[in-house]
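Numbers restart at 1 for each chain; the letters A, B, ... are given by sequence-line order, proteins then strands.
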Amino acid sequence: MGNPASNILSMKIATKGIFTFAGGTHPPQSKELTAESEIQRGPAVKQAAVMLSQHLGAACQPLLRKGNMVQAGQKIGDSDAFVSAPVHSPISGKVKDIALQSHTVLGRSPAIIIEAYEHNPTKRPVADKFTEEFDENKYSAEQICDAVRQAGIVGMGGAGFPTRVKIEPNPQFPKETMIINGCECEPYITCDYRIMLEWTNQIMAGIKLARKASGCSQVLIGIEDNKPEAIEVMSTVIEKSPNRDGIKVVPVKTKYPQGGERQLIQAILNKNVPTGGIPPMIGIVVLNVATAAAIAEAVVDNTPLTHRVVTVTGEAIDEPGNYYVPIGTSVEELIEFCGGVTQKSAKVIVGGPMMGIAIADLTTPITKTTGAITVLTKEQIGKAKFERQQTPCIRCGRCLEVCPEHLNPTKIAHAVKNNLLDVAESYYISGCMECGCCSYVCPANIELTGYIRTGKIFLARQKKKIPE
Amino acid sequence: MLTDLRVSCAPHISKPLSTRSVMIDVIIGLVPAVVAAGYYFRIYALILTSTCVISAVVTEWLCNKILKKPNSLDDFSAVVTGIILALSLPPSLPIWAAIIGSVFSIAIGKMVFGGLGSNIFNPAMAGRAFLTACFGMLMTSWTVPATIDTTMPKISAENTIHARTQATPLAWSKQAIKTKTGAEVVNEQFKDTFTGEVGGCLGETSAVALLLGGLYLLIRQTIAWRIPLAVLASAFVFSAIGYLTDNTAYASPLTHLTSGGMLLCAFFIATDPVTAPLTGRGMWIFGIGVGAITMLIRIVGEYPEGIMYAVLLMNAVTPLIDRLCKRIPAGGKPSA
Amino acid sequence: MTNEPQATSVLYKQTLIAGLWRENPVFRLLLGMCPTLAVTAAVKPALTMGLSVIFVLFCSNIVVSLMRNLLKPHLRILMFTLTISTFVTIADLFLKAFQPRMSEILGPYVPLIIVNCIIICRAEACASKNPLLTSIIDAIGMGIGFTLTLCVLAGIREILSTGAVWEIPILPAAFVPWTAMRMPVGAFLTLGLLLGLVNAITKRKA
Amino acid sequence: MPKIKYFFQQSWLLIISSFCFGLLIAITNAAWSPRIVQNKIDKLNRLMGGLLPKAHNFQLQTELEIESAKGKKVKSTIYKALSDAGECVGLAFNTSGPGFADRIELVVAVDDNFQNFAGYAVLASNETPGFGDQIKLPYYRNQFIAAPAAKLELVKTGNAEKIDPEIVAITGATVSSEAVLEIINNSITQIKDQMLKKGLISNDK
Amino acid sequence: MDTLNILLTGFISIVIINNLVFTKFLGICPYLGVSGRIDMAFGMGMAVTFVVTLSGTLTWLIDHLILLGTPLEVTRYVCFILVIAGAVQLVEMYLRKFFPSLYESFGIFLPLITTNCAILGLCLFINLWGIDNLIEAVVLSFGAGIGFTMAICIMAGIRESLNLADVPECLKGAPITLITAGLLTLAFMGFAGMIR
Amino acid sequence: MILADIFQLWNSSWPAGMTMLALGTGFAIVLLIASEKLKVKIDPKIEQIHQALPKVDCGACGFAGCGSYAKAVAEKPALIGKCAPGGPETAGKIAEILSLHISDSGPARKPMVHCRAQTDDKTYFATYQGIRTCIAANALANVQACKFGCLGFSDCVSACKFNALHVIDGLAVVDYEKCTGCGACSKACPRNLIEMVPFSQENMMTVACRSYENGKTTRSMCKVGCIGCGLCAKQTEIFAVEDNLARLDYDKYQLTGQTKTAFDKCPTGVIVLCGPTAPAPRQPSRKPASATA
Ligand SMILES: Cc1cc2nc3c(=O)[nH]c(=O)nc-3n(C[C@H](O)[C@H](O)[C@H](O)COP(=O)(O)O)c2cc1C
Ligand SMILES: Cc1cc2nc3c(=O)[nH]c(=O)nc-3n(C[C@H](O)[C@H](O)[C@H](O)COP(=O)(O)O)c2cc1C
Ligand SMILES: Cc1cc2nc3c(=O)[nH]c(=O)nc-3n(C[C@H](O)[C@H](O)[C@H](O)COP(=O)(O)O)c2cc1C
Ligand SMILES: Cc1cc2nc3c(=O)[nH]c(=O)nc-3n(C[C@H](O)[C@H](O)[C@H](O)CO)c2cc1C
Ligand code: SF4
Ligand code: SF4
Ligand code: SF4
Ligand code: SF4
Ligand code: FES
């Protein structure tokens, strides 16, 4: 491919992606449910449960106690750890309790439960408070990093890694390229798409701020070619904005999981992040578009991250759409707000159907990383999957073919199933990013991703060496 | 509000594919060959085929009962095994031998290893190999298709023994290799091997039916394209070497490709996913190996046909191939 | 092993029976597989082989048991090997002299008794630790166990491959012999399935 | 000195018993070896006697070395068959060559002046049961009886009953059939030649 | 050229066609026991190859230089086994002392081999086949070892993948290994008659 | 006459005898010298195990002979019992040799499951359809309401080599008769429910719950969970309530009258007696405890 980066710079905007990675699959998109739905105001919540751990890294310590009063936007939890981010209250009210709440990942985890005042003003989504002329040079790099940390910004693309740590210059891994992830490859979800269409200038501002903070020379915005409008809009904004050198939109092929950072890097830079490594090792930062938008807000307005856009979707939802929701809202409340469920729902998923986590307890609150709530019906899940019909692996090799990390999912899964963890390791279990492609294509309907996940947990437990 | 929720690992949706649908695809792909067998060898071909299928299915059911395993008939893999075994049997085989073959295929070839997906050797080929070892004479006597009066030696009561054993094009070419003459006669049979008007196993005579079914599987992406390509390409190359050195003794590559079980093997037998390697590179090695061993046996060895042994031998080394062709992760091997 | 006088007779019985089933050298200890596979195409050679093994086992157990207190660690295995190979040579000569046909069929599998793990194992595990009588009984038990197993295996193979047992036709003439059972395939498969059966039976008992 | 003492301490038992065992083997051997030798002779007698029914007694005549078709040297022992009356009724010799799976060893008998075959018997072979091992069966072997001791020929079809140089192959086992023929053809000419040279037979009859 | 041809065909024949394990049932104990993992199997195969070549040569020499045609012939078995056992034990001790790393990788298999009938069996078969030329004896012994290595490595590969399979409980271990070996011999029948 | 026979026999057999003599002596010399000269030091433990093995070098254990098995088993005691010729006798000896080196003081530690909720006692929000292992289920949020309780998918059961654990009606139960105290189960449980406890007495008491939820939530999730009411702690100081959960100090444990009272008073019956001769746990009293009101 030569030097793709320079090719891109000399390329006229094309909305057809030629850049992609090897492997991957094409689940049905189902984005039409919400793609045209503008970002709307979310529910006016009576109570918000702000989890103290919404990110990778150290959990926050509560800064107040039961009965204390809080203001909207007030910092209510923080930690001294480097890899961490504070949490803020989305509403004004009273701390009702600090108690365990259901957490999508951690099971039960402490949260600060805030009861809203009667007259609580809810924040509404603003169309686009930024202009094309935004000049990031008003802010110094340190200022930006500090604001990002204070606002509690973490990656909103899913993993929730504290963004400050990501964008801050690191002498060990100097950064050269920043990739903005606007792929949104996960079926059903459209929140990033809507943000790109509606908050274009804000994203641009965030990108420039992040570029300034990280010192990257090149910014590539990867957008899947099933979103030509987003590609148009973003490209137009770039052309109009000052200091646009080195910022470019790269249309990439529509394929799941194009939005995985390793796949995106492979697609547009033709570089591979080392297995078990992270992008900074090869001088790359990947930020989600929503994260970029949050950065702009945090730096310019000093607004902490207390709300986010959540796509509520799925055939079982009455009024699917994109909502600007206070963090801490319970899933139940949000679904009710969207008109409740129409048909008999089978699964409530935090996230999309490929990587999302099915939850059982609907009081689980929305966190900074919750991009979508998908409620699936039995039909969408499919009979085989719904009834958990599995046959033995016929070694058809489909899972190998689709694995974007070029692993051997069936071998790993079988090794885990038979408790042969050393075999699983010899097949590079740690390289799996749990994208779910393998499980998706498996004709035998084997929960490959599930076994691999289990194996990883097993190994982690083993390595921890539980004291006797 | 919501009742009866389910939770499980991601992903929560799956491609509308199942083991059964894959197997049914294979069965559909085999239909032309079965029809051709019925056409050329008449009702007895169909009787043999159904015998094999029924006894394979019954054996699987029994084995599941004995081993106290859940019933696995609904994946249709036993049916596929039965059909493929039948297609690889000589048309004159007694019914009881066909039953022994299918029982061996399923019980020893498949179920003792743990059933679908666990077997090392292709069950149908294991069954056929056992039959050959047990009833060699029955397994090497051929009748000529009922449709024709062929240029090949006729089968008749008084002209029995050797005529029968020579009725297949490959037996002819074997003879040609020995006498160093007469390969042209074999090559002239090319048209017949293409349509199927020659002696041979039930399913291997008609190249056109096999190609039709193979194409269907390729289009449906039921089989990996690498294996048929590798098998045919390597067989082509090795037979071409022979042909180019001495075209009076060695039959032409096209004859080799269309005669015997070569096409049946390339599209339906070597592609059995369970017993073939998983990785792309492994499939190449496997396919080339099958083609090469087949040609080695056909040209150098003592048997006119080598497909069965080639497949079984490559099945045996499949685990080693898989190990050799271990995939390297996209990001390279982890350093630690 | 205990030395209480009243327990000895029980003990002997147990030792004898152990070889037949509980510690059957072929099924349970997986020893001496080569002759088991090689000589079981028919019952006659299998029985001959079994009897030869009993003879060697018997004699070497006696010798080893008698010498057990005189053995020196470094040279122990050498001593065993010497003893066993001597008796194997005698057995071989015997067969050559009195059973020439069997001797021909068994061929080199008779001298291979030398390296048959059963014998060294019994010398080591039993005879070098136990008094004469126990060793003898052990040898007989193990030997009979081995012989019976060979015969069962050979019976199955012979009947399927020829329709006869001990060369006496059993199955009707219409039976088409399964020649594969006479080949190595038959040996491996029959033993494998038989072992599986034994495993299944013991599982059920336990 | 102490080393030697140590050595004897450790190994006296071994030394004594190895000597005793050696004696034991030797004595057994001495006792049974006549029988073993007799067995071998009996077997040859039985085989050759089957081929040359008129023979009463076999006499070792000579040992020759012949070259097989593949260029390997093969030893052959030639026996003279004597009738009751002590006159020569034929010759028998052993020979071998490559078969389908392994070497085939044969005993071949001819009449006393290499005119006609008296038949052959298989000493050892490893041909596939059901296929090649049919060379042991009478229906194939009988074709050789009284066939002229010249170059025999293998045919696929023909009359197996007829006495002629054409031998009908075993169905499906041409290779083994051919191997037997090759071995016999190959050895008969060489042996005849060598014996002529040695003057053990004469050409005149 | 001719002798080379004979050696080559002899070699190929004993590796593939008359494989010790598949056709002569020799060395079944380690074939069942040590075929669990490929690295172990390969080490075992290498060790067998080494020992079988060594002892095939030694016993051929002893047989032809000393025993054959003398009254000492009766002690052949005793001589063979003692020579094999002694030689192996010496090599093992030597390796362990002077080449510990080599010992770790393949020397550990040596003691196991002494009681393996592939070794003695081959020495006896060489005698039975009437090999009367030292080079041929060496080549055949070496080939026998390579054949064993091939067989045990294939089996180890299969068993490693059977570890992940759902083999019925009562057939796990030796039974399924034997059945697999049976099917392997079926597959290897394809080469029968290829070299004569 | 006889003399002549004997003489002849001797005549024909002395060469064989002498050869064997020479061979035997030769090998004895060589081996003795070699064993002296080429001696290598090995771990005495391994040597001991090697001595205990049958030294048949048959390979049935899957290792390259007795020597390498001895080495392997010394490093990984889980391999005990692979030696077929040696049988259980040898396995026992090896275990003996190896355990000499595991010094142990104080009472034997035995596992105790800190949950007593059977299927009917637990609350479920949804049907779990994932992989049937505890570790997989534990990775999904809220497979059952209580995040701390036994999942009942038998990870511990499969970890136990001695068949001493069973999941009965959704709850892991130790069979103390069979348990050897190896601790494998405790390492396997992803919820860390199984604790290795010093059994200072035959039967020990424990608070069979690990839930840190407050009393109300615990009640809503589980019929038999510890609600942290503190009644037990009031009876005797070997109980203490912390983070909504009562704990028992095993080192101080004594079966006194007070402990009995605490046991009887517990409103949810979460204090249970475990051990080989312990009676079945009593049914929880359904009425709420008066003391908490
Ligand atoms: C343990 C760990 C350490 C990380 N360290 C850094 C870092 O030093 N610098 C950085 O820019 N990103 C770092 N990351 C963030 C990753 O690069 C990545 O962006 C993050 O895991 C989110 O990726 P995802 O949403 O694709 O899972 C780290 C992530 C993890 C899990
Ligand atoms: C399989 C997979 C798919 C992903 N898809 C997307 C996506 O479509 N859009 C996105 O922004 N991030 C996606 N991510 C997360 C990215 O890898 C990456 O963590 C993120 O873009 C980093 O930005 P953030 O730190 O701002 O979240 C995906 C991750 C994985 C493992
Ligand atoms: C399993 C099997 C074993 C065979 N064994 C022999 C054999 O021992 N001897 C032999 O000559 N042919 C044997 N054949 C037959 C040969 O493959 C070959 O077909 C035949 O020798 C060619 O000669 P034809 O002209 O009789 O067909 C065997 C065939 C099979 C399938
Ligand atoms: C493409 C394809 C080819 C197959 N070929 C065979 C075959 O050659 N022989 C056979 O017994 N089963 C075949 N099967 C069926 C099935 O995979 C086989 O029974 C398994 O080996 C049993 O575990 C095939 C299945 C598929 C999907
Ligand atoms: S879940 Fe893991 S193994 Fe499966 S396709 Fe994705 S990266 Fe590959
Ligand atoms: S996709 Fe499923 S059936 Fe195919 S190889 Fe992978 S695990 Fe096996
Ligand atoms: S794993 Fe160990 S500690 Fe746990 S129950 Fe079993 S024997 Fe006892
Ligand atoms: S105790 Fe732990 S490992 Fe055992 S079943 Fe319960 S949750 Fe699973
Ligand atoms: S009996 Fe042959 S190796 Fe054990």
Let me know if [X] has heavy atoms under 4.5 Å from chain A in its side chain, its backbone, both or neither.
{"X": "S158(F)", "value": "neither"}
{"X": "T127(F)", "value": "neither"}
{"X": "Y124(F)", "value": "neither"}

Is it true that a side-chain atom of [X] and a backbone atom of [Y] form a donor plus acceptor pair closer than 3.5 Å?
{"X": "S154(F)", "Y": "V157(F)", "value": "no"}
{"X": "S439(A)", "Y": "T449(A)", "value": "yes"}
{"X": "R109(F)", "Y": "M196(F)", "value": "yes"}

Taking side chain as everything from C-beta outward and backbone as N, CA, C, O, which of these in [X] sits under 4.5 Å from a heavy atom of chain F? Side chain, backbone, both or neither.
{"X": "T104(A)", "result": "backbone"}
{"X": "R453(A)", "result": "side chain"}
{"X": "K347(A)", "result": "side chain"}

*When the aromatic ring centroids of F199(F) and Y250(F) are compared, is their separation below 6.0 Å?*
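No; Y250(F) has its ring centre 6.0 Å or more from that of F199(F).
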*Could you name each residue pair satisfying side-chain hydrogen bond (donor to acceptor under 3.5 Å, both in side chains) that touches residues 46-59 of chain A, not counting sequence neighbours?*
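Found Q47(A)-K96(A), H55(A)-S84(A).
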*asked:* Salt bridge check, E213(F) against K147(F): does any charged N sit closer than 4.0 Å to a carboxylate O?
replied: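 No, this pair does not count.
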*Quick one: which of I359(A), I457(A), V105(A) has the most heavy-atom pairs under 4.5 Å with chain F, could you say?*
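The answer is I457(A).
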*Looking at A145(F), A126(F), A137(F), G130(F), which makes the most heavy-atom pairs under 4.5 Å with chain A?*
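Looking at each option in turn, the highest pair count goes to G130(F).
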